[in-house]
Amino acid sequence: MELSEVGRISNRVLDEVETVVVGKRDALELLMLGLLADGHVLIEDYPGLAKTLMARSFAQVMSMDFSRIQFTPDLMPSDVTGSSIFNQRESDFEFRAGPIFANLLLADEINRAPPKTQAALLEAMQERQVTTEGETRRLGPPFIVLATQNPIEYEGTYPLPEAQLDRFLLRMSVGYPARADEWQMLANRAERGTDEVQLTSVVDRETLLDMQAAVEGVHVSEAVGLYMIDIASATRDTQSIQVGASPRGSLALLKLSRSRAALQGRDFVTPDDVKSVAVPALAHRLTLRPELWVQRVSAEDVVRERLDTVATPAAEDLAAPRA
C-alpha cells in the first residue's frame, strides 16, 4: 500500500468517527496514530467525555473483532484471559477463551481492577500472547488495547504500576467540547432519535495490517533519529525527574512520528512530527519528584520544557534519500 493511500484511508476513518465524537479531531488523530503504529492507547479524562464512545466508534468503523471488559475490583485474571472448563460430554478439560482474544480490546476503567488482574494484561500487551495453565496461546494480529481511566476518582481504584503504564504507546486526554461543538452533539442526538449510533465501516482487519506495514516504509533520517534520542535523554538528566523515559520511550517517538508522517501522506519524518507526539508518548513514562506534586508541576510540563532545550535538526537532514 502506498503511503498516500494510508493517509487517505486514515482520514476517511477519522471523518466517520468525527460524526459521533464532534470537534475532537486532534484527539481522534492521536488515537489513529496509535492504531497505525500497532500500539496500545490509554485514554485518561473526566467522566462523560466520550472516552468509551471513541473506542467503540473506532472498532465499528474498522470492522475488527472487538470485545469490552468492564474492570471492577472483583474481576479475576481468568475473567480476562479465559480458563479451562471440564466438558462432561468429552470427559476432558477444554479452554474457553476470554475477551482478551480480540483484535481491539476496550479495557474500560482499567484502574478499577486489582494489581493481580492488571498483571494478566502485561504479557498480552507486550508479547501478544496469553499463557494459562502452562500453555501459551498467540493473539492474532493486530492486538490493540484501548484503555480508559478516570483521573479524579481514587476511591476503589488501583493506580497502574509503572511497568504497565510503560507498555502503553501513548496516553491522551479528550477535553471538554467547545460550545458550538457541544450544541452540534445535541442537535445530532435530537435528529437521530436514539442513543444508538450506526457508523459506516471504512476498513477491515486486513486493510489495517496493510496500513501498518506501509508505515514501516516511512524514512527516518539519522539526524531526526538522534533528535528523538536527545529528547528522551533530556528527560533523564533533569533534577525534577526521579525516573526518565527509557529506550522504549524513544521507540514510541519513532513509531508515532512515522505514523503521523504517513497520516499526512509523507514518506519521511520531520521534527514537527516528533514534537507533536512527544508529550503523549513520553509524559506517562516519567516519575516526578514528590515535591513537584505540591507545586502542581506535571510530567507533561517537563516534556514541553525539554522540547524547548533540545536543538532541532536542520531542514536539509530530513528528507528520504533519492533512489
_Measuring from atom CG of Leu170 to atom NE2 of His284, what distance do you get when rounded to the nearest 0.5 angstrom?_
7.0 Å
*Does Leu209 have any side chain to side chain contact (heavy atoms under 4.5 Å, CB included) partners at least two apart in sequence or in another chain, and if so, which?*
Pro141, Pro142, Arg205, Glu206, Gln212
*Take atom CD in Glu127; do more than 12 heavy atoms of anything else shown fall under 6.0 Å from it?*
yes
*Between Tyr46 and Tyr176, how do the two ring planes meet: parallel, tilted or perpendicular, split at 30° and 60°?*
parallel
*Out of curiosity, does Met54 fall in the hydrophobic cluster containing Met185 (side-chain heavy atoms, cut-off under 4.5 Å, transitive links)?*
no
*From Ser63 OG over to Leu208 CG, what is the distance, rounded to the nearest 0.5 angstrom?*
11.0 Å
*Taking atom CZ of Arg96 as the centre, does the number of heavy atoms from other residues, nucleotides or ligands within less than 6.0 Å exceed 12?*
no
*asked:* If we ignore hydrogens and angles and just use 3.5 Å, is the side chain of Thr235 paired with the main-chain N or O of Gly244 as donor and acceptor?
replied: no
_Nearest-0.5 Å distance that lies between atom CZ in Arg138 and atom CD in Gln129_ = 5.0 Å
*NZ/NE/NH1/NH2 to OD/OE distance under 4.0 Å, Glu182 and Arg179*: no
_Is there a side-chain contact between Val202 and Met62 in this structure, where contact means two heavy atoms from C-beta onward sitting under 4.5 Å apart?_
no
_For residues 47-60, which residue pairs pass the salt bridge (charged side-chain N to carboxylate O under 4.0 Å, His left out) check, not counting sequence neighbours?_
none
*Is there side-chain contact between Phe66 and Asn103, with at least one heavy-atom pair below 4.5 Å?*
no
*Out of curiosity, Arg258 CZ to Leu263 CG, how far, rounded to the nearest 0.5 Å?*
15.5 Å
*For Val22, enumerate each residue passing the side chain to side chain contact (heavy atoms under 4.5 Å, CB included) test, keeping only those at least two apart in sequence or located in another chain.*
Asp181, Gln184, Asn188
*Hey, mind stepping through Phe143 and Ile100 against side chain to side chain contact (heavy atoms under 4.5 Å, CB included) and telling me if it holds?*
CA-CA 9 Å; Phe143 172 71; Ile100 201 170; 3.8 Å; yes
_Leu251 and Leu169, any side-chain heavy atoms less than 4.5 Å apart_ = no
_Whether the side chain of Thr117 engages the backbone of Ala113 through a donor-acceptor N/O pair (distance < 3.5 Å, no angle test) should be reported._
no
*Would you say the side chain of Leu121 lies within less than 4.5 Å of the side chain of Ile110, judging by non-hydrogen atoms?*
yes
_If we ignore hydrogens and angles and just use 3.5 Å, is the side chain of Thr81 paired with the main-chain N or O of Pro77 as donor and acceptor?_
yes
*How about Asp301 and Ser298: does a side-chain donor come under 3.5 Å of a side-chain acceptor?*
yes
*asked:* Can you tell whether the side chains of Lys24 and Glu29 come within less than 4.0 Å, N to carboxylate O?
replied: no
*asked:* Regarding Arg266 and Asp273, does a basic nitrogen lie under 4.0 Å from an acidic carboxylate oxygen?
replied: yes
*asked:* Under the criterion side-chain hydrogen bond (donor to acceptor under 3.5 Å, both in side chains), I'd like the reasoning laid out for Thr131 against Glu123: C-alpha separation, chi angles, the key distance, then a yes or no.
replied: CA-CA 8 Å; Thr131 302; Glu123 180 185 15; 2.7 Å; yes
*Contact summary for Val310 and Ala234, nearest pair of heavy atoms*: CG2-CB, 4.0 Å
*If you take all heavy atoms of Val220 and Gly225, which pair is closest and at what distance?*
CG1-N, 3.9 Å
*Would you name the heavy atoms of Val269 and Met228 that are closest together and state the gap between them?*
CG1-CE, 4.2 Å
*Output every pair passing salt bridge (charged side-chain N to carboxylate O under 4.0 Å, His left out) with a member in residues 31-40, not counting sequence neighbours, ordered by first then second residue.*
Asp38-Arg128
*Where do Leu31 and Leu146 land on the side chain to side chain contact (heavy atoms under 4.5 Å, CB included) test, with the steps shown first?*
CA-CA 9 Å; Leu31 206 160; Leu146 303 182; 4.0 Å; yes
*Residues forming a salt bridge (charged side-chain N to carboxylate O under 4.0 Å, His left out) with Asp45, sequence neighbours excluded*: none
*Counting only N and O atoms by type, is there a donor-acceptor contact under 3.5 Å from the side chain of His40 to the main-chain atoms of Val145?*
yes
*side chain to side chain contact (heavy atoms under 4.5 Å, CB included) assessment of Leu14 paired with Phe58*: CA-CA 9 Å; Leu14 293 170; Phe58 270 98; 4.0 Å; yes
*To the nearest 0.5 Å, tell me how far Leu307 CG sits from Asp230 CG.*
11.5 Å
*Apply side chain to side chain contact (heavy atoms under 4.5 Å, CB included) to Arg189 and list each qualifying residue two or more places apart in sequence or on a separate chain.*
Arg192, Asp195
*asked:* Counting C-beta onward and ignoring hydrogens, is there a side-chain heavy-atom pair between Leu36 and Met211 closer than 4.5 Å?
replied: yes
*Please tell me if the side chains of Arg285 and Leu165 come closer than 4.5 Å, counting only heavy atoms from C-beta onward.*
no
*Check the pair Thr52 / Asp108 against side-chain hydrogen bond (donor to acceptor under 3.5 Å, both in side chains), numbers first and verdict last.*
CA-CA 7 Å; Thr52 302; Asp108 218 355; 3.0 Å; yes
*In Å, rounded to the nearest 0.5 Å, how long is the span from CD1 of Ile144 to CG of Leu106?*
13.0 Å
*Are any of the side-chain heavy atoms of Arg260 and Lys255 separated by less than 4.5 Å?*
no
_Candidate pair Tyr227 and Glu222, rule side chain to side chain contact (heavy atoms under 4.5 Å, CB included), full reasoning_ = CA-CA 8 Å; Tyr227 179 57; Glu222 181 179 357; over 6 Å; no
*So, the side chain of Ser257 versus the backbone of Leu254: is there a donor-acceptor pair under 3.5 Å, distance only?*
no
*Hydrophobic cluster membership, Leu256 vs Ile229, 4.5 Å side-chain cutoff*: no
*Find out whether Met76 and Asp79 are in side-chain contact, i.e. whether some heavy atom of one side chain is under 4.5 Å from a heavy atom of the other.*
yes
*Please report the closest heavy-atom contact between Val17 and Ser57, naming both atoms and the distance.*
CG1-CB, 3.9 Å
*asked:* Does Thr270 form a side-chain hydrogen bond (donor to acceptor under 3.5 Å, both in side chains) with Asp272? I'd like the steps, not just the answer.
replied: CA-CA 5 Å; Thr270 69; Asp272 284 341; 4.9 Å; no
_For Leu104 versus Ala55, what's the shortest heavy-atom pair and its separation?_
CD2-O, 4.5 Å
*Please name the pair of heavy atoms, one in Glu44 and one in Ser173, separated by the smallest distance, quoted to 0.1 Å.*
O-CB, 3.3 Å
*Salt bridge or not for Arg25 and Glu18, using N-O below 4.0 Å?*
yes
